Engineer: 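Got a structure for you, written out below as structure tokens; questions coming shortly.
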Amino acid sequence: MTTIESEWETRELAGRRALVTGGSRGIGAAVVRRLLDAGAEVLTTARSATSTVPEGATFVAADVRTRAGAEALAAAAQETFGGVDVLVHNVGGARPFTGALAIPDEEWQDALDLNLLAAVRLDSLLVPGMRERRSGAIVHVSSAAVPAAIPQFLHYEAAKAGLENYSRGLASESAPYGIRVNTVSPGRVATPGGEATREQWARLDEGTGQDSATVPLGRDGRPDDIADAVLFLVSGRASWLTGSNLFVDGGEFPRG
Ligand SMILES: NC(=O)c1ccc[n+]([C@@H]2O[C@H](COP(=O)([O-])OP(=O)(O)OC[C@H]3O[C@@H](n4cnc5c(N)ncnc54)[C@H](OP(=O)(O)O)[C@@H]3O)[C@@H](O)[C@H]2O)c1
């Protein structure tokens, strides 16, 4: 039986305007669904639309690796909603290489643009509006593997480590304006991007020892495991939480 109280709780983001990057599949799509179910209006982006963009979300095609892409997205959010209350920077990823010294310059640049600078640029465009309204909630999606500093992914992990450090600084600077900034660090989650990357890694480096058998809780993560953590962090239930980094990894990785 649905009580008035539980119905109120499930609509805890009613009236909030949310922007989620990378919402066409995987973790981002799960976050979009959770925010829509909680009553938020959601605008999401990817480089191209797919049938897996959740129904009910507004979709804008943009490449967030460039300043121009971030500006187009921020302008679309302004035009659609007149402002953003909840920002989830979820895009990320990188190809593995045989080791740290084998990572070419352009792949370092791409990893920094996608995993760090895309968030920095989008925040720089959207946080001023949150400051004026003296409220906002931001989540940056990092990776639980950052403290492990896996050589095949150092470009990705260095960029995500930068994202975590940047998030903490933005959190302390933004707190007086009523804006909360937190990070979620997923472990191995079954998504199209995650599976493709792990297959590339296994081809490069047989016996990586990275499979669900190494997850203490005994299974891979589901996109909804991460989306639940994001929903909590942007909700009023986390109103005293900022500058945190929540590991959602089945207990697999050491905490940084
Ligand atoms: N899955 C895992 O095991 C795992 C583990 C640790 C951390 N993470 C992190 O979790 C986040 C989501 O991962 P995921 O596995 O769900 O990824 P995914 O399946 O590859 O999905 C990535 C999403 O981002 C979009 N995207 C990629 N590049 C973009 C760009 N330049 N501009 C705009 N959109 C772009 C993709 O659409 P288009 O390609 O069409 O642009 C897609 O919607 C990432 O930050 C990842 O680093 C994932």
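Ligands are counted one by one from 1 in listed order, and the atoms in each one are counted from 1 as well. Keep in mind it's a predicted model, so treat the numbers as computed, not measured.
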Engineer: Would you tell me whether Thr98 and Gln152 have side-chain atoms, one donor and one acceptor, within less than 3.5 Å of each other?
Structural biologist: no
Engineer: Counting non-hydrogen protein atoms only, what is the nearest one to atom 46 (C) of ligand 1? Give residue, atom name and distance.
Structural biologist: Tyr156 OH, 3.6 Å
Engineer: For ligand 1, which part of Ala190 has a heavy atom less than 4.0 Å away: the side chain, the backbone, both, or neither?
Structural biologist: neither
Engineer: At their closest point, which heavy atom of Tyr166 faces which heavy atom of Leu116, and how far apart are they?
Structural biologist: CB-CD1, 4.4 Å
Engineer: How many angstroms lie between CG in Leu126 and CZ in Arg121, if you round to the nearest 0.5 Å?
Structural biologist: 14.0 Å
Engineer: Examine the proximity of ligand 1 to Ile226 and report which part, side chain or backbone, both or neither, has a heavy atom under 4.0 Å away.
Structural biologist: neither
Engineer: List the atom of Glu107, the atom of His155, and the distance in Å for their closest heavy-atom pair.
Structural biologist: O-CD2, 3.8 Å
Engineer: Heavy-atom contact under 4.0 Å between Pro223 and ligand 1?
Structural biologist: no
Engineer: I need the minimum non-hydrogen distance between Glu157 and Ile150, along with the two atoms involved.
Structural biologist: OE1-N, 2.6 Å
Engineer: I need the atoms of ligand 1 closer than 4.0 Å to a non-hydrogen atom of Asp63, numbered in the order shown.
Structural biologist: 30 (C), 31 (N), 32 (N)
Engineer: Answer yes or no for Glu195: is there a heavy-atom contact with ligand 1 below 4.0 Å?
Structural biologist: no
Engineer: Could you tell me whether Ser142 approaches ligand 1 through its side chain, its backbone, both or neither, with non-hydrogen atoms closer than 4.0 Å?
Structural biologist: backbone
Engineer: I'd like to know whether ligand 1 has Gly187 as a neighbour, heavy-atom separation below 4.0 Å.
Structural biologist: yes
Engineer: Looking at ligand 1, does Thr21 have a heavy atom less than 4.0 Å from it?
Structural biologist: no
Engineer: Are Ser167 and His140 linked by a side-chain donor-acceptor pair shorter than 3.5 Å?
Structural biologist: yes
Engineer: Under 4.0 Å from any heavy atom of Gly193, which atoms of ligand 1 are there?
Structural biologist: 18 (P), 19 (O), 20 (O)
Engineer: Could you list the atoms of ligand 1 found under 4.0 angstrom from a heavy atom of Ser143?
Structural biologist: 6 (C), 7 (C)
